[in-house]
Amino acid sequence: SEDEDGTTGPDKWLKYFKNGRTQVRVTPSLYVQWDIVPWLSFKSTFGADYQSIRSDMFKGQKINYTRGSNGSSSLISRFKYNWDNMFMFNKKFGLHSISGTAGMTMTSNMSGTQTVSGWYLTQDNAMTASVNGAVSPYNSTTFSASKNTILSFLARAVYDYRNRYTLTATFRADGSSRFQGANKWAYFPSFAGAWRISEERWFGVKSISMAKLRLGWGMVGNEGIPSYRTMPLYTTTTVSDHTASNLSGSQIGTYLSYVANPNLKWETTSQVNAGLDMGFFKGRLTFSADYYFKKTKDLLFWLSVPESAGTRGYYGNVGDIANKGVELELNGILIEKNDMSWTAGFNMAYNKNLVTKLTASDEEAAGIETGGISGGTGNNTQLIQVGYPMRSFYLYQQVYDTDGNPINGVYVDRDNDGQITDKDKYVGHHADADFTFGFNTRFTYKNWTAALSGHAAIGNWVYNNV
């Protein structure tokens with residue numbers, strides 16, 4: 001169609017539509033270092049990352065007939081900083097040496113989003129500022145903000161004798177703003193030792209250029225959940241209200257969007273690992289093997305609730321998981337000349353995990369359903385259950401015809417009660433791979449490079465939701 005001034009087709013969009021984005025980013029960093037004595041120094045480092053993103057959109061009624069002129073303006077702000085203060089030392093005593101660090105680190109993340117929207121505006125031209133003229137119920141204003149901070153104190157010491165025997169000890173205390181009270185802090189020690197066998201005088205295998213045994217134990221923590229989950233969170237919403245005294249036809253209300261869990265605490269993982277590193281033919285061929293056993297306690301996990309509860313759910317420390325596995329890696333330099341080189345590498349990993357405890361009642365717990373899918377409300381395909389791997393599928397058993405095709409909507413009555421209910425579901429395959437493989441190779445000739453990589457997985461199953 002044509003406007004009064006003759007504007008038609010694509011020219012209408014150029015005149016009556018605006019969609020712009022402006023971004024500002026600043027990443028300053030600075031440090032101060034003090035060499036106290038030759039073997040002891042102090043360094044303070046500060047780094048920040050600030051982002052501001054503004055997005056404006058306006059669509060005039062000449063190209064948006066259903067809702068009139070409408071527009072929106074949003075501003076996203078993010079600010080993150082890291083502040084590290086470390087003492088570093090390195091001292092030698094004859095054939096002995098000791099080195100390490102001690103200090104504190106602080107990391108803080110802040111973000112905020114503001115959005116203003118309006119519909120049925122009287123302005124035709126692409127002016128986002130006209131959104132201010134929108135009246136209720138044809139306007140919307142939203143605001144959200146989040147902040148989280150981690151404060152850590154740490155110490156690490158490394159003892160070495162003749163580059164042959166190495167002992168490492170580490171301790172850190174981490175405090176997170178995502179938890180409350182005494183649960184804010186958690187403590188993580190670790191110890192490790194290494195023996196470089198190839199440095200022993202009696203070691204005389206010429207083809208083996210390096211051989212080292214490793215053994216370690218340590219703890220790490222995870223606080224990777226959204227902020228403010230220890231307190232109830234409410235969300236505003238607009239509901240219809242056509243009473244005679246309400247001229248706008250709507251009311252602003254609030255609802256409980258997230259249930260509080262003040263008992264949330266750090267998820268902790270302890271791990272024992274043993275490894276062997278070897279080099280052959282002056283390092284042209286290297287091999288490493290690792291065995292590990294990990295025990296995760298107080299697993300942080302999202303727990304959904306029935307839709308009838310009127311809320312989305314909450315985070316909880318749901319139980320314990322055990323992981324054990326083997327990792328192997330082989331790398332080789334196949335060709336190494338002045339203007340040409342060729343390298344190749346292969347790695348393989350095996351992992352087995354089991355849920356060993358659920359907070360509710362251990363082995364008697366019914367399990368936690370997860371793995372939501374589309375196609376309905378509250379539909380889940382996976383179950384966390386004691387004695388089974390994480391992310392195990394929890395499904396009805398499909399019935400197939402004589403040609404091997406699934407019969408739609410027909411399932412096995414596993415408990416033989418004459419009807420299909422949740423009691424007929426069973427825990428079967430799991431989504432995580434038992435074995436993973438990787439391969440890479442790189443060939444270089446003068447200024448030309450060709451590279452190839454690949455990976456594979458065995459033992460993982462996928463739900464296709466058909």
Side-chain angles (χ1 to χ4, degrees), residues 156-161 163-172 187-200 202-203 205 207-222 266-281 283-299 319-332 343-357 384 386-392 429-440 453-461:
R156 181 174 184 266
V158 180
Y159 166 78
D160 181 84
Y161 175 69
N163 197 30
R164 188 181 302 170
Y165 312 110
T166 304
L167 297 174
T168 304
T170 304
F171 179 82
R172 62 182 300 145
Y187 308 95
F188 307 107
S190 66
F191 304 94
W195 176 24
R196 193 179 289 268
I197 306 171
S198 54
E199 293 298 317
E200 295 288 356
W202 48 263
F203 190 87
V205 184
S207 60
I208 300 179
S209 52
M210 189 272 292
K212 181 170 69 173
L213 283 173
R214 295 176 282 106
L215 182 65
W217 171 88
M219 296 180 65
V220 295
N222 173 35
W266 283 81
E267 172 186 312
T268 60
T269 299
S270 60
Q271 175 173 323
V272 176
N273 67 280
L276 171 66
D277 299 325
M278 299 191 71
F280 303 88
F281 314 116
R284 292 181 65 95
L285 181 66
T286 60
F287 170 79
S288 66
D290 283 271
Y291 169 81
Y292 63 85
F293 177 80
K294 295 194 294 185
K295 180 74 173 181
T296 299
K297 298 182 64 177
D298 302 316
L299 176 70
D320 302 347
I321 305 172
N323 280 270
K324 61 181 178 180
V326 176
E327 297 177 349
L328 303 175
E329 185 173 357
L330 182 66
N331 294 286
T343 62
F346 173 80
N347 61 78
M348 186 275 286
Y350 166 77
N351 181 76
K352 180 179 181 181
N353 76 77
L354 288 176
V355 178
T356 58
K357 177 183 177 182
I384 302 176
V386 172
Y388 292 92
M390 282 288 293
R391 302 178 65 203
S392 291
H429 304 292
H430 52 87
D432 296 318
D434 296 320
F435 293 90
T436 57
F437 304 89
F439 169 79
N440 68 86
S453 63
H455 68 275
I458 298 176
N460 56 311
W461 289 74

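Remark: Asp434 engages His430 in a side chain to side chain donor-acceptor pair (under 3.5 Å) (not counting sequence neighbours).
Atom CD of Gln271 and atom OG1 of Thr296 lie 9.0 Å apart (nearest 0.5 Å). Taking NZ from Lys357 and NZ from Lys295, the interatomic distance works out to 8.5 Å, rounded to the nearest 0.5 Å. Residue Phe293 holds its CZ atom at 7.5 Å from OG of Ser270, rounded to the nearest 0.5 Å. In this structure, the separation between CZ on Phe191 and CZ on Phe171 is 9.5 Å, given to the nearest 0.5 Å. Residue Ile458 holds its CD1 atom at 9.5 Å from OG1 of Thr436, rounded to the nearest 0.5 Å. For the atom pair CG of Asp277 and CZ of Arg214, the computed distance is 4.0 Å after rounding to the nearest 0.5 Å.
The number of heavy-atom neighbours closer than 6.0 Å to CZ of Phe437, taken from other residues, nucleotides and ligands shown, is above 12. By the 6.0 Å contact criterion, CZ on Arg156 is open, its count of non-hydrogen atoms from other residues, nucleotides or ligands being 12 or less. In the displayed structure, Trp217 atom CH2 is contacted under 6.0 Å by more than 12 heavy atoms of other residues, nucleotides or ligands.
Under the 3.5 Å distance criterion, the side-chain polar atoms of Thr170 are left unmatched by any main-chain donor or acceptor of Ser190. Side-chain N or O atoms of Ser209 include one that pairs as donor or acceptor with a backbone N or O of Gly283 at under 3.5 Å. A donor-acceptor pair under 3.5 Å is formed between the side chain of Ser198 and the backbone N or O of Ala211.
Across Gly387 and Leu354, no two heavy atoms sit closer than the pair O-CD2, 3.5 Å. The two residues Leu215 and Ala274 come nearest to each other via the heavy atoms CD1-CB, 4.0 Å. Between Ala322 and Thr356, the closest heavy-atom pair is CB-CG2, 3.8 Å. Among all heavy-atom pairs drawn from Met219 and Thr268, the shortest one is CE-CB, 4.4 Å. Of all heavy-atom pairs between Leu330 and Leu285, the closest is CD1-CD1, 3.7 Å. When all heavy atoms of Leu328 and Phe287 are compared, the closest pair comes out as CD2-CZ, 4.2 Å.
The shortest side-chain heavy-atom distance between Leu213 and Leu276 falls under the 4.5 Å cut-off. Side-chain contact check for Thr166 versus Val158: some heavy-atom pair is nearer than 4.5 Å. Side chains of Trp266 and Asp298 form no contact here, defined as non-hydrogen atoms less than 4.5 Å apart. Counting heavy atoms from C-beta outward, Thr269 and Asn222 have side chains that stay 4.5 Å or more apart.
Within the structure, salt bridge (charged side-chain N to carboxylate O under 4.0 Å, His left out) contacts touching residues 319-332 (residues at least two apart or in different chains) do not occur.
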Evaluate the side-chain contact (heavy atoms from CB on, under 4.5 Å) criterion for residues Ser207 and Phe281: first the C-alpha distance (whole Å), next the side-chain angles of each, then the deciding distance (0.1 Å), finally the verdict.
CA-CA 5 Å; Ser207 60; Phe281 314 116; 4.0 Å; yes
Would you give me the side-chain donor-acceptor pairs under 3.5 Å for residues 345-352, sequence neighbours excluded?
unit_1, atom_1, unit_2, atom_2, d
Asn347, OD1, Gly438, N, 3.4
Asn351, OD1, Tyr292, OH, 2.7
Asn351, ND2, Asn323, OD1, 3.1

